[in-house]
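We use all heavy atoms of the structure for the numbers below, so side chains are in, but hydrogens, waters and symmetry mates are not. Values in this document were obtained by computation on a predicted structure and should not be read as measured data. Reminder, nothing fancy here: chain letters follow the sequence lines and each chain counts from 1.
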Protein chains: 2
Amino acid sequence: MAGKDRAQESGQGLGKSGHLDFPRPLTTVDVVIFSISGDKLQVLLVQRPAGEGEPFPLLLALPGGFVDVAKDRDLAACAARKLKEKTGVTSPYLEQLGSWGSASRDPRGWSATHAYFALIPAEASVLTPDARWCPIHGGRLKEKLAFDHGDILASAIQRLRNKVEYTSLPAYLMPAEFTLPDLQRVYEIVLDRPLEKSAFRTRILSADMIEPVAKMRRGPNRPAQLYRLKKSSEPVYFVRTFNPPE
Amino acid sequence: MAGKDRAQESGQGLGKSGHLDFPRPLTTVDVVIFSISGDKLQVLLVQRPAGEGEPFPLLLALPGGFVDVAKDRDLAACAARKLKEKTGVTSPYLEQLGSWGSASRDPRGWSATHAYFALIPAEASVLTPDARWCPIHGGRLKEKLAFDHGDILASAIQRLRNKVEYTSLPAYLMPAEFTLPDLQRVYEIVLDRPLEKSAFRTRILSADMIEPVAKMRRGPNRPAQLYRLKKSSEPVYFVRTFNPPE
DNA sequence: TAAGTAAGTTGGACTGTACAACTAACTATG
DNA sequence: CATAGTTAGTTGTACAGTCCAACTTACTTA
């Protein structure tokens, strides 16, 4: 026989009955939900419960929880459900970030979490009482998080920054209508560095991702053209990054 | 109390005893191992066992298996172990690809796999008898795979192509010493399109990722300079993609 | 009416790719 | 021994898009 049993490969027995009677890791899904408000990148966090036997009581954590094999068809549905429960938002940008699994990350035993990251416009959300936005200063969060959620968040921030360098991801952080300077500001907030105005405009406008609406944003100075996202839903990939610093 | 119990959030009870007595998904790790040989991108596959109760008997599948909570400290270690077992290679390029989990992907029950992808030089490997290299034609594999491994492989190919467009990843597919035209050929094999010679050379040489060795590759025509990878281990990210087709 | 401010445009310098023609170094062949 | 063939590697012009900086435009406020 060419192949070996998958369970046996791991040194674990598969009984003749077909039972898979070896210990299984805990399986969770966590979601890193980003938004922009107050000129800051913000992440949605919830407080851990204080009950008996609860790990990391009262610490902040990413919203998430165990996969419910009866309720969740797949991982993405589970992540979307958790996002919906916490923010009320249903169709945001939702991307898988990666998975973290080890013997030590959860004191209750070997566990693996599937992490997702979502981008939503701040105004679109109606939070549950236990959830709140926490600002990210200089690419870092001040608070210490439960489990390895600090690592996961750091990884999400890095991924976001990386992709913002050469994609239209920030568009998903914008309200329905926005101006080009608004969008540029969001890019600058995420990247934490200024971008060049004319190159930015050229790039975005030639990407065919937004369209002008017949309105201007009026303010104390020259009015700005309002735009909205085209209905493409897919992010745009640019062939260059913005001029990287250094 | 601000937070709710993670298990309760999923509608699952956490007993007062602290037991986590609800059904857990199966947890596996699979590895997509790429290599180049015969001017083709190749992926390492193993044949599924034919035993009773075995899903997808005799079909080809990605090497992988259940996480062993006693043996595997974390997911990456588990992936590295599987790579080592199948190919003997210990320090390749190994990156997490993503995770796939659903009620339906494994007939034995709700399961989630953590997929990794690895790049190794073909000559570096000593395969176990059940493993073999399968060529990828035009970005696709001919054979049908077990589970959702076809999806996972397609995703790995797409990720590889994407990254090859703007990183030095193909360097990890090269033998210890290679020429610039060798490297270009590998880029072209993965991208499945020709690249421009002078731009390719400029880009690679200015990336400071390889260094010449004091030898030439001799053949039936003009000798070519041999190079080797510098000991950086980290891949290089270019600020532009190669000129994309279309 | 002038000053202030942010929106949006314009033009020259620069960087790196695209394309194509070129030179260089070797082998094989008549 | 000369010449054709092949691949390595270079060079030069065109072009695209960013960088930088100055400029015009449209509005508010004093």
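No option in A/R203, A/R240, A/R193 other than A/R193 meets the salt bridge (Lys or Arg N to Asp or Glu O under 4.0 Å) test with A/E165.
Side chain to side chain, A/Y93 and A/E95 meet the donor-acceptor criterion of an N or O pair below 3.5 Å.
Between A/F238 atom CZ and C/dT17 atom P there is a gap of 19 Å when expressed in whole angstrom units. Regarding B/L180, its CG atom lies at a distance of 20 Å from the P atom of C/dA24, rounded to whole Å. The distance between atom CG of B/L183 and atom C1' of D/dG9, rounded to the nearest whole Å, is 15 Å. Across the protein-nucleic acid pair, A/R217 atom CZ and C/dA6 atom P stand 14 Å apart, rounded to whole Å. Per the geometry, CG belonging to B/N221 stands 5 Å off C1' belonging to D/dT6, to the nearest Å. Counting to the nearest Å, the C1' atom of D/dG17 and the OH atom of A/Y237 are 21 Å from each other. Taking atom CG of A/D182 as the reference point, atom C1' of C/dA7 lies 12 Å away to the nearest angstrom.
Ring pair B/Y187/B/F200 is perpendicular by interplanar angle, where above 60° counts as perpendicular and below 30° as parallel. Relative orientation of the A/F117 and A/F34 rings is perpendicular, given thresholds of 30° and 60° on the angle between their planes.
Across the interface with DNA chain D, nearest-nucleotide mapping of B/P220 and B/Q225 shows B/P220 to be the residue nearer the 5′ end.
A salt bridge between B/D30 and B/K82 is absent, with no side-chain N of the basic residue lying under 4.0 Å from a carboxylate O of the acidic one.
For C/dG8, neither phosphate oxygen OP1 nor OP2 lies less than 4.0 angstrom from any side-chain nitrogen or oxygen of A/R222. Distances shown here put every side-chain N or O of B/R218 at or beyond 4.0 Å from the OP1 or OP2 atom of D/dT7.
Taking 4.5 Å as the limit, every side-chain heavy atom of A/D72 sits out of range of all side-chain heavy atoms of A/V29.
If you take CG on A/L59 and CG on A/L45, they are separated by 11.0 Å, rounding to the nearest 0.5 Å.
Considering only the side chain of B/R185, D/dA8 comes nearest among D/dA8, C/dG8, D/dA21. When the nucleotides C/dG8, D/dA8, C/dG16 are ranked by their closest atom to the side chain of B/R240, C/dG16 comes out on top. Set against D/dG9, C/dC26, D/dC27, the side chain of A/P223 has D/dC27 as its closest nucleotide. The B/E196 side chain lies nearest to C/dA20 when the options are D/dG9, C/dA20, D/dA21.
Within residues 197-216 of chain A, the residues approaching DNA chain D are A/S198, A/A199, A/R203, by heavy-atom distance under 4.0 Å.
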